[in-house]
Amino acid sequence: MLDLSSLNPPQRDAVKTIHGPVLILAGAGTGKTRVITHRVAHMIRKGIAPDNILAVTFTNKAAKEMQERVGKLIRGQRTDDGDKPLKPTICTFHSLGVRILRRHIERLGYKKNFVIYSESEQQSAMKKILSSLHSNGAKIKPGDVLMWISKHKNAGEQALQRVSEGAEELARHVRARYDSALRACNAVDFDDLLLLTLQLLRGHEDILEDCRRRYRYIMVDEYQDTNAAQFELVNLLAREHRNLCVVGDDDQSIYGWRGAEIANLLDLEKHYPEVKVIKLEQNYRSTSVILNAANAVIKNNARRRGKSLWSDNGYGEPISIASFENEEEEAKSIVENIEFLRMTRKVPWRDHAILVRTNLQTRPLELALRQGKVRYRVVGGQSFFDRREIKDLLAYLKTFLNPHDDVSLLRIANTPARGLSDVTMERLLAASQERHCSVFAAMRHTDVQDGFSDRTKEAIVQFIALLEETRQRLENPPPNVGDRPLQTWCDWWLNDIQYLNDIRRIEKNAEVAENKIMVLRDLIAGMDRSDGGKSTPLEQLEEFLQDISLESDREEEKESAADQVTIITTHSCKGLEWPSVHIAGVEDGLLPHSRSKVEGTLDEERRLFYVAITRAQKYLAMSFCNARRKYGELSPCHPSPFLNELPNDLVKWVDDEPVEKSKGTDLFAGLRAALD
């Protein structure tokens with residue numbers, strides 16, 4: 001029996017309202033994930049088939065957490081046949097697109113085993129296109145062109161802004177060539193997962209009706225972050241049965257710069273006039289001081305749905321605000337306060353976060369943390385999947401799966417060195433362009449091979465044989481490979497091409513080399529799927545690469561439990577919380593950003609400040625500088641106008657010393673002496 005007694009009245013109302021359109025306005029820290037998961041479990045308890053329930057969110061991490069929570073709530077329940085466990089569809093927008101495309105993409109002329117290009121693979125494909133143009137394309141960054149194309153795919157003409165001069169015209173010119181290049185490799189990019197899904201639903205009524213019959217109850221998390229394409233996808237699926245529940249908070253809409261449309265939430269009644277609005281306002285995270293400050297700031301945004309957060313967590317201490325001469329002094333003081341709280345209040349490093357508006361602010365903070373011997377992590381550092389050895393491994397796997405994937409093949413053709421030099425690959429690339437085929441297809445042409453020296457021709461033939469033989473062994477694994485056939489296959493070909501020895505040869509430091517090899521082995525060990533032998537190694541590899549391509553969450557999350565201070569941008573901190581939060585650089589030009597005055601996005605900058613405030617549970621400190629270094633020179637700074645929106649009775653202005661430090665004393669020496 002599902003117990004709803006632990007929910008507050010608005011939460012219970014949201015859980016029990018399962019028919020018709022519903023808007024759940026979930027303020028920061030009001031338990032929206034708990035409501036969503038209980039609502040899914042409640043629908044199943046009421047007899048709604050799990051196959052008819054779809055819950056969509058934005059990150060794999062959030063989807064996985066919801067799946068686990070729902071699984072615990074419905075544990076023990078079975079379908080009518082008494083055999084198969086109940087399992088609603090809980091996934092990201094892009095995963096939903098993959099599910100639909102895997103079933104129907106052949107209607108659009110693709111094969112079902114299409115590959116999903118990563119950002120780096122998109123960059124490589126665009127560089128290849130731009131390199132074939134005249135000098136007019138050489139001055140444009142591939143990333144700018146891809147940004148324009150992405151915005152065009154997601155939102156159309158009205159969202160095409162903020163690309164460098166000349167990029168738009170060039171992007172219009174190469175858009176068709178870019179799409180054609182991907183299609184030739186049976187590849188799609190991230191945006192295509194939604195765009196092609198919409199093409200299917202718009203152009204094939206039978207597919208749309210099939211999806212509507214299957215997904216009769218739809219929930220969308222973080223609805224304020226949906227863009228035009230995501231809104232259309234949801235609306236196409238829901239507008240007939242109208243069992244749509246959207247959960248979000250317009251006060252936390254901070255991704256307008258990447259296409260999010262806050263109007264999707266604010267104007268929901270235009271599309272669903274009968275929508276029921278339920279407000280979740282009881283915050284379970286922060287003290288009243290922090291919430292009152294957040295409420296006072298956000299009420300200055302004119303266009304919003306009114307709500308006011310409140311809490312039973314006690315009144316709390318005032319918000320600390322301090323000014324400093326420069327960013328070095330600011331960083332030093334933040335670190336001293338962190339250490340003061342750790343020593344006097346026993347607040348461990350992992351309970352502290354330093355929020356910054358831009359990554360450029362992290363340098364002095366990292367320096368001060370290192371000098372103070374404080375362990376820390378910077379969220380937004382190098383991803384696990386950005387490591388060279390990991391990129392090489394994944395490129396090999398993608399090439400074995402689809403040798404016509406030019407980006408992956410070009411990466412590994414001469415890694416390790418096998419006689420296929422850069423000059424050779426450039427000639428093969430040119431041959432593929434002349435013949436309008438993939439590089440692999442060009443390599444197989446005997447007339448192309450005959451254009452090379454005997455030695456290079458032999459290297460090409462051996463490389464083709466390597467790909468074909470390795471693929472064949474994947475499709476038909478030898479007997480007695482044990483219960484981890486994919487890992488066994490991967491270990492075999494890595495040894496066969498001497499890749500691990502190549503790492504040892506390149507890396508002069510033996511410890512560094514072995515660490516890289518260990519990283520590779522860790523990834524390989526997680527490739528096999530434990531499904532009782534139901535899927536083949538080839539199917540497991542396809543699933544593994546699909547999961548990698550859809551993965552958007554940063555690797556730092558794996559280290560989040562370690563005792564270390566977190567440095568994170570205000571955009572990245574959404575959805576997170578810490579007992580102690582320090583917001584650095586609350587200055588006009590940083591927060592709000594200088595671009596907001598030109599682009600008219602001051603309201604979004606205020607929402608960003610609101611999000612930063614509501615990350616704090618107990619202790620909140622803010623700081624700004626009188627001067628900050630830009631391009632090597634100190635430039636004057638001014639406090640953020642947002643600080644004037646904080647009620648005086650909620651803040652405590654302090655000097656450049658830790659809040660409880662007496663002037664003229666050595667903070668650390670005094671504390672250590674006292675502790676000793």
Side-chain angles (χ1 to χ4, degrees), residues 113 115-116 118 121 185-186 384-385 387-420 425 438-440 443-444 458-507 510-549 551:
N113 67 335
V115 295
I116 305 166
S118 67
E121 289 166 329
C185 297
N186 196 37
F384 176 84
F385 293 104
R387 297 169 184 257
R388 183 185 67 82
E389 60 274 14
I390 297 298
K391 283 187 172 183
D392 287 347
L393 174 66
L394 295 178
Y396 263 109
L397 297 177
K398 290 176 182 179
T399 305
F400 292 143
L401 205 60
N402 177 17
H404 301 289
D405 178 354
D406 282 354
V407 174
S408 297
L409 183 142
L410 290 170
R411 181 180 182 89
I412 54 89
N414 205 43
T415 305
R418 53 172 62 91
L420 299 175
M425 297 313 298
S438 68
V439 174
F440 181 71
M443 296 174 83
R444 294 170 61 89
E458 179 62 20
I460 294 172
V461 171
Q462 289 182 0
F463 181 65
I464 293 170
L466 165 69
L467 297 185
E468 292 178 340
E469 290 171 8
T470 309
R471 166 77 182 215
Q472 185 178 13
R473 183 157 174 159
L474 175 65
E475 293 176 329
N476 302 291
N480 304 320
V481 294
D483 59 351
R484 305 186 71 83
L486 194 55
Q487 181 178 344
T488 301
W489 168 82
C490 202
D491 287 337
W492 165 75
W493 67 258
L494 274 176
N495 183 64
D496 187 57
I497 67 172
Q498 296 290 299
Y499 183 80
L500 302 185
N501 287 338
D502 194 55
I503 289 178
R504 296 185 179 100
R505 179 185 62 80
I506 294 172
E507 291 294 342
E511 184 178 352
V512 171
E514 292 308 314
N515 283 338
K516 290 188 173 185
I517 292 172
M518 181 179 67
V519 166
L520 276 176
R521 294 199 182 282
D522 286 344
L523 180 61
I524 293 169
M527 287 171 56
D528 286 278
R529 300 306 200 242
S530 301
D531 59 358
K534 294 179 182 178
S535 58
T536 66
L538 181 61
E539 290 171 338
Q540 288 188 6
L541 180 58
E542 289 176 342
E543 182 183 352
F544 171 77
L545 289 177
Q546 177 175 298
D547 289 346
I548 295 299
S549 297
E551 181 59 58

Residues in salt bridge (charged side-chain N to carboxylate O under 4.0 Å, His left out) contact with D496, at least two apart in sequence or another chain: none
All pairs passing side chain to side chain donor-acceptor pair (under 3.5 Å) where residues 401-415 contributes a residue, at least two apart: Y117-D405, E121-S408, K128-D406, D392-R411, H404-S438, D405-S408
Residues forming a side chain to side chain contact (heavy atoms under 4.5 Å, CB included) with L410, sequence neighbours excluded: M425, L429, V439
L541 side chain near L545 side chain, heavy-atom distance below 4.5 Å: yes
Heavy-atom pair of closest approach, residues I503 and A513: CG2-O, 3.9 Å
Residues in side chain to side chain contact (heavy atoms under 4.5 Å, CB included) contact with D502, at least two apart in sequence or another chain: P416, R505, I506
E514: partners by side chain to side chain contact (heavy atoms under 4.5 Å, CB included), with sequence neighbours left out: R504, I517
E475: side chain to side chain contact (heavy atoms under 4.5 Å, CB included) partners, not counting sequence neighbours: R471, L538
Listed partners of E468 passing salt bridge (charged side-chain N to carboxylate O under 4.0 Å, His left out), at least two apart: R444
Aromatic ring proximity, centroids under 6.0 angstrom, Y396 and W493: yes
Partner residues of R418 under the salt bridge (charged side-chain N to carboxylate O under 4.0 Å, His left out) criterion, sequence neighbours left out: none
Test side chain to side chain donor-acceptor pair (under 3.5 Å) applied to E469 - qualifying residues, sequence neighbours left out: none
